[in-house]
Amino acid sequence: MANEEDDPVIQEIDVYLAKSLAEKLYLFQYPVRPASMTYDDIPHLSAKIKPKQQKVELEMAIDTLNPNYCRSKGEQIALNVDGACADETSTYSSKLMDKQTFCSSQTTSNTSRYAAALYRQGELHLTPLHGILQLRPSFSYLDKADAKHREREAANEAGDSSQDEAEDDVKQITVRFSRPESEQARQRRVQSYEFLQKKHAEEAWVHLHYYGLKDSRSEHERQYLLCPGSSGVENTELVKSPSEYLLMLMPPSQEEEKDKPVAPSNVLSMAQLRTLPLADQIKILMKNVKVMPFANLMSLLGPSIDSVAVLRGIQKVAMLVQGNWVVKSDILYPKDSSSPHSGVPAEVLCRGRDFVMWKFTQSRWVVRKEVATVTKLCAEDVKDFLEHMAVVRINKGWEFILPYDGEFIKKHPDVVQRQHMLWTGIQAKLEKVYNLVKETMPKKPDAQSGPAGLVSGDQRIQVAKTKAQQNHVLLERELQRRKEQLRAPAVPPGVRIKEEPVSEEGEDNDDEEEEPMDTSPSGGLHSRLANGLPPGRAVGTDSFNGHPPPGCASTPVARELRAFVEATFQRQFVLTLSELKRLFNLHLASLPPGHTLFSGISDRMLQDTVLAAGCKQILVPFPPQTAASPDEQKVFALWESGDMSDQHRQVLLEIFSKNYRVRRNMIQSRLTQECGEDLSKQEVDKVLKDCCVSYGGMWYLKGTVQS
């Protein structure tokens, strides 16, 4: 209280914040001059600025009549810079150093604490500064004088040497071609001092017009330093509590954090990593490591992390290969990126890398030349793929970098089954894209699908017992299935059933297994992958299903399968067996682990369910030279959906049961003839859109066109 009495408040001043020039106001700091002389008294000949760099150059006149000016020195400098003959490009046209250039530099990068103040009529108006620039004399004219001197010396030496040399000697030159620049080299070049200097030099100068202190334009601009409407409106931005005002004056350690050394963008400490969400932690780790066993991932994430959540997250960013997790290709090659070596877009790179990953699911060894031949990518791109997940062995090829993780395979069979379904879909896509045939596919699973080693006698006995039990269960189910077929009612009239060849010994061979579902479109790829799925768990083996035949619709598996088939054909009225299996695999991949459909579905069970759901098989007469696989030649269509177009679709399907491809006018005339009415173009378009595709002016059933 005593201090306040000794220092009373004399006057209170209202403070206003003016924002009209907030993004345009700069403070120029000139070199020190005598107090009797201001820079506004000196004529400013020209001014120019580089806005991005906030760099300014001012050209100011020198008073050559001042008694302190040395005229002989000024003439000598002009002679050194421009030479004896003056022209339009001369720096000093009067042959006298009569001007000087000032170049700016930034004093601080953070100007948020600085403002220009204008006191008028008892009010203080503040305008934030956008930049503070220090102006220093530029001596670039000396560099120009040195360059002139060197040119004169070079000309003199060239004149002397030309008199002595009779003729020029022939010199051998070496031409070198630079290698393609890698991404790391490009980043280093972009961050180099020479590159930054070049970028700064490339920015164009913007020429300005200088207005003096007493100019009318300056008076007009100075009015923007006043806050408009300050008399009647309260400036709420400056109405702060004492604590808020102090916080604005002294922000908490923001500048200190900026001054700390920043780590590279691709480096993240474990302490920083654990502050991120779990999904981001897994993605960053897998993107940097590329290949990792699940046990190592859990140890990096910490003991408090739930393994179920990690399993759910790892499947979004990685694929299972030989029991280990390999980061997905689209994580490494985002959509809009391209190869640093060849410029190939990310989509092609992802497809090539997926092929390499798939090869490692088949074998522990991959040959780079084979990958390059199939993918048609350059050697550098293929080498990058292989270095992500393999090590090179002399005279052998590339071996997968990590050993087979059988412990994970045994502990998480549901995850293994799910990954098997995903690999099957990728496998089918690769075969179509790269036109792979049976000869390029492995004829039998590689022995590296499990850990290498000898099999003991006890293990062989155990395997034999297991196979015997499975065969016994299979025989019982086969017998029950045939009994059910004998009890089944006769086939209703009007339904055509495609007859498949049956061997003469089929009736007597009771131990014949059902055909397992081959999820690849052409059947050329083997169904067993080396990512840990045992052969007994392959999809479609009825001896492992554990459920009754498809005729019994009361089982959970049959109900789930029936619901999937009905929902699928309500969306797509015509499907080939190959496309239906692809959609089924995608459906399995979206189901949670342990779902009933993971028990295994055979081709026969799927086809029986389709027919039982009200669909019919359309016997499309494919041409003899067709490249379609057997599954692509099995076409199923929904016969009745309950809408007004059922009759039109049935007529269309009967047309395609006799023709492989049809013209539109034939379809329209047949629909008009059968339905007894003149159909509109919209109705015909709807039927064609539901069931057909157009190619080369002809119409085909969906899935049957061979481009």
Side-chain angles (χ1 to χ4, degrees), residues 48-57 103-110 131 133 136 138-140 143-144 146-147 150 172-206 257-269 272-273 280 283-291 327-353 356 368 371-372 375-392 398 401:
K48 55 185 180 180
I49 185 173
K50 288 187 176 183
K52 292 182 180 179
Q53 304 175 43
Q54 293 189 359
K55 184 177 181 180
V56 175
E57 278 193 8
C103 187
S104 70
S105 62
Q106 287 189 9
T107 58
T108 177
S109 59
N110 183 14
L133 304 178
R136 296 187 176 92
S138 173
F139 301 100
S140 58
D143 298 333
K144 190 174 181 181
D146 291 341
R150 284 193 294 269
Q172 181 180 1
I173 61 172
T174 304
V175 180
R176 294 182 179 179
F177 297 93
S178 60
R179 295 180 60 187
E181 189 179 31
S182 64
E183 183 65 22
Q184 293 81 0
R186 190 189 68 82
Q187 291 180 358
R188 287 195 298 269
R189 180 176 59 81
V190 169
Q191 295 173 0
S192 65
Y193 176 77
E194 291 80 7
F195 183 83
L196 295 177
Q197 288 295 101
K198 183 180 178 182
K199 292 289 289 185
H200 289 168
E202 289 175 353
E203 185 180 359
W205 286 101
V206 178
E257 293 179 0
K258 291 181 181 178
D259 293 338
K260 291 181 180 179
V262 180
S265 58
N266 61 340
V267 176
L268 192 67
S269 66
Q272 292 173 318
L273 183 69
D280 292 340
K283 182 176 180 179
I284 291 173
L285 286 173
M286 291 305 304
K287 189 174 181 179
N288 283 274
V289 181
K290 309 285 191 307
V291 184
V327 66
K328 289 183 177 180
S329 301
D330 55 359
I331 301 296
L332 295 180
Y333 303 106
K335 186 175 182 181
D336 297 328
S337 63
S338 61
S339 168
H341 305 293
S342 58
V344 172
E347 181 183 359
V348 180
L349 292 176
C350 290
R351 200 159 53 224
R353 188 173 180 274
V356 174
R368 186 172 73 169
V371 175
T375 61
K376 304 295 189 295
L377 293 172
C378 69
E380 288 80 5
D381 288 333
V382 176
K383 186 177 180 182
D384 283 352
F385 300 157
L386 293 169
E387 286 178 344
H388 290 168
M389 63 192 84
V391 290
V392 64
W398 291 77
I401 194 169

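These numbers were taken from a predicted model, which means no experiment stands behind them.
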Query raised in the report: Who pairs with Arg189 by salt bridge (Lys or Arg N to Asp or Glu O under 4.0 Å), at least two apart in sequence or on another chain?
Result: Glu181
Query raised in the report: Heavy-atom distance under 4.5 Å between the side chains of Asp384 and His341, does that happen here?
Result: yes
Query raised in the report: Do Val392 and Lys383 come within less than 4.5 Å of each other through their side chains, counting heavy atoms only?
Result: no
**Report entry** Pairs meeting criterion salt bridge (charged side-chain N to carboxylate O under 4.0 Å, His left out) with involvement of residues 328-343, two or more places apart
**Finding:** none
Query - Qualifying residues under side-chain contact (heavy atoms from CB on, under 4.5 Å), relative to Gln187, sequence neighbours excluded - result: Glu183
Report task. Without swapping roles, check the side chain of Ser104 against the backbone of Val56 for a donor-acceptor pair under 3.5 Å. Result -> yes
Query raised in the report: Take atom CD in Glu347; do more than 12 heavy atoms of anything else shown fall under 6.0 Å from it?
Result: no
Requested in this report: Can you measure from CG (Leu349) to OG (Ser337) and round to the nearest 0.5 angstrom?
Outcome: 7.0 Å
Report task. Of all the heavy-atom pairs spanning Ala346 and Pro334, show the shortest one and how long it is. Result -> CB-O, 2.9 Å
Report summary line: Between the CG atom in Asn288 and the CG atom in Leu332, the distance rounded to the nearest 0.5 Å is 9.5 Å
Query raised in the report: In Å, rounded to the nearest 0.5 Å, how long is the span from SG of Cys103 to CZ of Phe139?
Result: 11.5 Å
Report task. State which residues pass side chain to side chain donor-acceptor pair (under 3.5 Å) with Ser105; sequence neighbours excluded, sorted by chain then number. Result -> Arg136
Query raised in the report: Are side-chain heavy atoms of Ile401 and Lys290 found at a separation under 4.5 Å?
Result: no
Query raised in the report: Do the side chains of Leu377 and Phe385 get nearer than 4.5 Å, heavy atoms only?
Result: yes
Query raised in the report: Once you round to the nearest 0.5 Å, how far does CZ of Arg368 lie from CG of Leu386?
Result: 7.5 Å
Query raised in the report: Taking only residues two or more places apart in sequence, or in another chain, which ones meet Lys48 in a salt bridge (Lys or Arg N to Asp or Glu O under 4.0 Å)?
Result: Glu57
Query raised in the report: Who pairs with Lys50 by side-chain contact (heavy atoms from CB on, under 4.5 Å), at least two apart in sequence or on another chain?
Result: Gln53, Lys55, Glu203, Trp205
Query raised in the report: Distance from Met389 atom CE to Trp398 atom CH2, nearest 0.5 Å?
Result: 11.0 Å
